[in-house]
Chemist: 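Sharing a structure here in structure tokens format.
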Amino acid sequence: MGAVTGVVLAAFAGYGVAWYVGAIDGNFALLLLLAVVVTGAYWVAERWVFLPRRQAAAAQAVAEATRRREELARQGIVGEPVDLDALRRRLLAQPWWLDWTAGLFPVILAVFVLRSFLFEPFKIPSGSMIPTLHVGDLILVNKFHYGIRLPVVNTKVVDNHSPQRGDVIVFRYPPQPSLDYIKRVVGVPGDEVAYLNKRLYINGQAVPRTAVDDFYDADAMRYRKQFVEEIGGRRVHTLIDDERPAFIPAAVDFPGRERCQYTVEGVTCRVPEGHYFVMGDNRDNSLDSRYWGFVPERNIVGKAVFVWMNFGDWRRIGTFE
């Protein structure tokens, strides 16, 4: 079993390395599920097969050592003392291949349940959600707020709340579902969303906004205009770059594109049922629904709720709404 286990662990390690170097498009949820299945199989085998075998071997060895000591005593021979407790512990100890499989099963199972059904950590890789979320923010995503989904296949089995305007959500990027994106919901099914001349309109009404102090973008080393918008009853800070044009360049041919009208002023879209229109708070530096279309409900991973760490700025820890 040691050789077989070595091959299995090597396969997991090879998958991880290939994913890390970009040779394959990895799927962590699938990898974690396989780890649960493999370590769970070893855990069951340990409990019902391997451990009973070791217990029987230990009991037999202790009994033989006791009989030998008693036999020598009857013959008047004083043999070397045998530490029966040490002998028992040595024979009951798990071999390395069980330590790295069955021994890890409870931890891997706990991580799997927590990540799949409760909360999942994500790292913000880009500045598309500045000033709400910064590059390097480590966030927690509530995975049961919108309903419970099966891991890997992402099929919803228990319904809960629906995404609302103003929610910050993590979702599978529609053009490439292996990637996770984070944006803010600005349009729900049935809404008409327009972004014209850098103003957001929902169902024909301009979203109220108020200019506040300019935001200093440390990465770009420049100031950007900052506004507070009222989206879904939330006060949302957004950034505008006057140097960027109002029209939407390079929009792809996405499903439902016939529901959108592109002009030199921007874009107007009618959100289809079961889909959402999302945008980044850093309006002129965000690749979002204006460019690649609507987010299907089945692609939603969860609701972003908390910044739990930013190693570059600990003051970022906390809620961001």
Chemist: Please confirm whether the backbone N or O of T268 pairs with a side-chain atom of Y262, one donor and one acceptor, at under 3.5 Å?
Modeler: no

Chemist: Please tell me whether W97 and F50 form a close aromatic pair, meaning their ring centres lie under 6.0 Å apart.
Modeler: yes

Chemist: State, yes or no, whether a side-chain contact exists between V188 and P163 at a heavy-atom distance under 4.5 Å.
Modeler: no

Chemist: Short question: side chain of Q226, backbone of D213 - any donor-acceptor pair under 3.5 Å?
Modeler: yes

Chemist: Which is it for F105 and V36 under the side-chain contact (heavy atoms from CB on, under 4.5 Å) test, yes or no, and what are the steps along the way?
Modeler: CA-CA 7 Å; F105 172 67; V36 169; 4.2 Å; yes

Chemist: Below 4.5 Å, heavy atoms only, C-beta onward: do P296 and F171 meet side chain to side chain?
Modeler: no

Chemist: Measuring only between side-chain heavy atoms, which start at C-beta, is Y173 closer than 4.5 Å to L287?
Modeler: yes

Chemist: Do V186 and Y201 share a hydrophobic cluster, counting only Ile, Leu, Val, Met, Phe, Trp and Tyr and linking them when any side-chain heavy atoms are less than 4.5 Å apart?
Modeler: no

Chemist: Counting only heavy atoms from other residues, nucleotides and ligands, does the tally under 6.0 Å from NZ of K198 exceed 12?
Modeler: yes

Chemist: Any chance you could measure H237, atom NE2, to F215, atom CZ, to the nearest 0.5 Å?
Modeler: 10.5 Å

Chemist: I'd like to know if the side chain of R149 reaches the main chain of V158, judged simply by a donor and an acceptor atom lying under 3.5 Å from each other, with no hydrogens or angles considered.
Modeler: no

Chemist: Start with the C-alpha distance between E230 and R209, add both sets of side-chain angles, then the distance that settles side-chain contact (heavy atoms from CB on, under 4.5 Å), and finish with yes or no.
Modeler: CA-CA 6 Å; E230 298 287 339; R209 78 176 189 182; over 6 Å; no

Chemist: Shortest non-hydrogen contact from N160 to G147?
Modeler: CB-N, 3.4 Å

Chemist: Does the side chain of I300 come within less than 4.5 Å of V295's, by heavy atoms?
Modeler: yes

Chemist: Under the side chain to side chain contact (heavy atoms under 4.5 Å, CB included) test against K183, which residue among I169, D167, V278, D281 passes?
Modeler: V278

Chemist: Looking only at non-hydrogen atoms, find the nearest pair between E192 and G204 and report the distance.
Modeler: OE1-N, 4.1 Å

Chemist: For Y42, which residues count as a ring pair (Phe, Tyr, Trp, His ring centres under 6.0 Å) partner, sequence neighbours excluded?
Modeler: none

Chemist: Tell me whether R47 at atom CZ has more than 12 heavy atoms from other residues, nucleotides or ligands lying less than 6.0 Å away.
Modeler: no

Chemist: Measure the CZ-CD1 distance between R165 and I202 for me, rounded to the nearest 0.5 Å.
Modeler: 5.5 Å

Chemist: Do you know the tightest heavy-atom contact between G190 and E273?
Modeler: N-OE2, 4.2 Å

Chemist: Is the shortest side-chain heavy-atom distance between H134 and R316 below 4.5 Å?
Modeler: yes

Chemist: In terms of hydrophobic clusters joined by side-chain contacts under 4.5 Å, are L196 and V267 together?
Modeler: no

Chemist: With the 4.5 Å side-chain cut-off for hydrophobic clustering, are V152 and L34 part of the same group?
Modeler: yes

Chemist: Within the structure provided, determine whether W100 and L9 are in side-chain contact (heavy-atom separation under 4.5 Å).
Modeler: yes

Chemist: Within a radius of less than 6.0 Å around NZ of K156, do more than 12 heavy atoms belonging to other residues, nucleotides or ligands occur?
Modeler: yes

Chemist: Is the backbone of N310 close enough, under 3.5 Å, to the side chain of D313 for a donor and an acceptor to pair up by distance?
Modeler: no

Chemist: What pairs meet the ring-ring contact (aromatic ring centres under 6.0 Å, His included) rule with one or both residues in residues 135-161, with sequence neighbours excluded?
Modeler: F119-F144, H145-H161

Chemist: If we only count heavy atoms from C-beta on, is the R224 to D214 side-chain gap below 4.5 Å?
Modeler: no

Chemist: I'd like to know if the side chain of N282 reaches the main chain of G127, judged simply by a donor and an acceptor atom lying under 3.5 Å from each other, with no hydrogens or angles considered.
Modeler: yes

Chemist: More than 12 foreign heavy atoms under 6.0 Å from CD of Q205: is that the case here?
Modeler: no

Chemist: Quick one: does R54's side chain have a donor or acceptor within less than 3.5 Å of a partner on L92's backbone?
Modeler: yes

Chemist: Test question: given the 4.5 Å side-chain rule for I, L, V, M, F, W and Y, name all other residues clustered with F122, or answer none.
Modeler: I124, M129, L133, I139, V141, V168, V170, I182, V301, V307, F320

Chemist: For Q261, does the CD atom sit with more than 12 other heavy atoms under 6.0 Å from it, leaving out its own atoms?
Modeler: no

Chemist: Please tell me whether L30 and V157 are part of a single hydrophobic cluster in this structure, the criterion being side-chain heavy atoms less than 4.5 Å apart.
Modeler: yes

Chemist: Does D284 reach the main-chain N or O of D241 with its side chain, forming a donor-acceptor pair under 3.5 Å?
Modeler: yes

Chemist: Using the rule given for salt bridge (Lys or Arg N to Asp or Glu O under 4.0 Å), can you reason through D217 versus R222, listing the C-alpha separation, both sets of side-chain angles and the distance that settles it, and then say yes or no?
Modeler: CA-CA 5 Å; D217 187 341; R222 56 172 295 188; over 6 Å; no

Chemist: Just by distance, do the side chain of R270 and the backbone of R259 share a donor-acceptor pair under 3.5 Å?
Modeler: no

Chemist: Evaluate side-chain contact (heavy atoms from CB on, under 4.5 Å) for K225 paired with L239, printing each intermediate quantity in order.
Modeler: CA-CA 6 Å; K225 287 185 177 181; L239 301 182; over 6 Å; no

Chemist: Using modelled atom types and a 3.5 Å cut-off, is there a donor and acceptor pairing between side-chain atoms of R257 and backbone atoms of V252?
Modeler: yes

Chemist: To the nearest 0.5 angstrom, please state how far the OG atom of S289 sits from the CZ atom of F294.
Modeler: 7.0 Å

Chemist: Looking at every heavy atom in both A102 and E46, which two are closest together, and how far apart are they?
Modeler: CB-CB, 4.0 Å

Chemist: Give the intermediate values and the outcome of side-chain contact (heavy atoms from CB on, under 4.5 Å) for residues Y181 and R172.
Modeler: CA-CA 6 Å; Y181 267 33; R172 295 178 176 179; over 6 Å; no

Chemist: How far apart are the closest heavy atoms of L91 and A61, and which atoms are they?
Modeler: CD1-CB, 3.4 Å

Chemist: For the OH atom on Y223, are there more than 12 heavy atoms of other groups (residues, nucleotides or ligands in this structure) within a distance under 6.0 Å?
Modeler: no

Chemist: Just verifying a value: how many Å separate C260 SG and F277 CZ, rounded to the nearest 0.5 Å?
Modeler: 6.0 Å

Chemist: Roughly how far, to the nearest 0.5 Å, is CZ of R283 from CD1 of I130?
Modeler: 14.0 Å

Chemist: Taking I148 as the starting point, is it possible to reach V111 by hopping between hydrophobic residues whose side chains are less than 4.5 Å apart?
Modeler: yes

Chemist: Counting N and O atoms only, with roles assigned by atom type, does the side chain of S286 sit under 3.5 Å from a partner on the main chain of G280, one being a donor and the other an acceptor?
Modeler: yes

Chemist: Would you verify whether the NZ or CZ of R290 falls within 45 degrees of the ring axis of Y195 while also being under 6.0 Å from that six-membered ring's centre?
Modeler: yes

Chemist: Heavy atoms only: give me the nearest P189-Y276 pair and the separation to one decimal.
Modeler: CD-CE2, 3.4 Å

Chemist: Would you please say whether a donor-acceptor pair under 3.5 Å links the side chains of R244 and N285?
Modeler: yes

Chemist: Could you tell me the separation between the CZ atom of R235 and the CZ atom of F227, rounded to the nearest 0.5 Å?
Modeler: 14.0 Å

